[in-house]
Amino acid sequence: MALADLAGHELAMFPRATAPEWYDEILDACRRHGFTPRRVRHARNPDFLLGLVLGRQCVAFEPESTARREARVAWRPLAGAVLERRTSAVWPDRSPHPAAPAFGAVAAAVLTGPEPVRRLVSGVQPWSVVYDTPSAAVDHQTGGQAGEDGRR
């Protein structure tokens, strides 16, 4: 599914205050690829996010494992590498956890090491779409034909 296919929908995602730069980057990528959400709704946890998806026909970008929490929600992979999830580690300057220096050393070694090999299976990306149209959900529940990756 291309981001442009989501045109006309609202987007459910974390509040901007949680990670302002990442929030802005996601919305910029959406706009660059033809999806300008009608409205952005905020969810502080995956359960509330899934409730927004179900109740308001929002879309959300979450791993397939999040979509599996709710049987009435379908997961669809995004086409192309338009969004890539990053993880950051932070700890306080004062009184950090005793393992923080060791963790930092390992993370630095991994991140400065050779470029990891990117393995994409059937074009599935780390970000996915959590939304399904009512008719597709019915087809899915009644055994409609779908490929191994869930695409029709």
Side-chain angles (χ1 to χ4, degrees), residues 1-134 136-137 149-152:
M1 172 173 276
L3 280 174
D5 295 336
L6 303 175
H9 290 285
E10 296 180 4
L11 176 64
M13 62 187 290
F14 59 90
R16 186 175 187 278
T18 303
E21 289 181 29
W22 181 227
Y23 183 97
D24 294 344
E25 187 175 326
I26 291 170
L27 291 179
D28 288 345
C30 287
R31 285 185 208 99
R32 279 193 316 273
H33 294 278
F35 171 46
T36 301
R38 284 188 301 131
R39 183 173 179 183
V40 177
R41 300 200 174 260
H42 298 118
R44 295 186 188 277
N45 65 62
D47 295 320
F48 190 72
L49 180 135
L50 291 172
L52 286 173
V53 169
L54 288 169
R56 300 196 149 273
Q57 292 199 358
C58 292
V59 295
F61 305 118
E62 290 292 325
E64 184 177 11
S65 58
T66 301
R68 287 184 190 162
R69 291 178 167 191
E70 173 54 64
R72 296 170 292 171
V73 170
W75 177 85
R76 299 290 182 261
L78 287 176
V82 295
L83 294 173
E84 290 190 24
R85 177 175 265 175
R86 292 185 309 270
T87 301
S88 301
V90 297
W91 52 82
D93 285 341
R94 298 178 191 180
S95 303
H97 189 279
F103 173 79
V106 170
V110 169
L111 294 172
T112 59
E115 183 69 26
V117 176
R118 299 191 90 189
R119 185 174 66 93
L120 300 178
V121 179
S122 302
V124 174
Q125 300 296 313
W127 285 82
S128 45
V129 177
V130 180
Y131 174 74
D132 203 7
T133 60
D149 64 355
R151 295 181 188 175
R152 296 193 190 281

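Note that the structure is predicted; figures quoted are calculated from it, not measured.
Closest approach of Ala7 and Gly34 over heavy atoms only: CB-O, 4.3 Å. Across all their heavy atoms, Pro101 and Pro98 have their closest contact at CD-O, 3.4 Å. Contact detail for Val82 and Leu78: the closest heavy-atom pair is CG2-CD1, 4.1 Å. Closest approach of Ala43 and Pro15 over heavy atoms only: O-CD, 3.6 Å.
Glu62 is not listed as a side-chain neighbour of Pro46, based on a closest heavy-atom distance of 4.5 Å or more. At least one side-chain heavy atom of Arg31 sits under 4.5 Å from a side-chain heavy atom of Asp28.
A distance of 9.0 Å separates CD in Glu21 from CZ in Arg16, rounded to the nearest 0.5 Å. Distance check: Leu49 CG to Leu54 CG gives 9.5 Å after rounding to the nearest 0.5 Å. To the nearest 0.5 Å, atom CE of residue Met13 and atom NE2 of residue His42 are 6.5 Å apart. Note: Met1 CE to Leu6 CG = 5.5 Å, rounded to the nearest 0.5 Å. Taken from CD1 in Ile26 to CZ in Phe14, the straight-line distance is 4.0 Å, to the nearest 0.5 Å. Rounded to the nearest 0.5 Å, atoms CG (Leu11) and CG (Leu3) are 9.5 Å apart.
Within the 3.5 Å criterion, the main-chain N or O of Gly8 finds a donor-acceptor partner in the side chain of Arg38.
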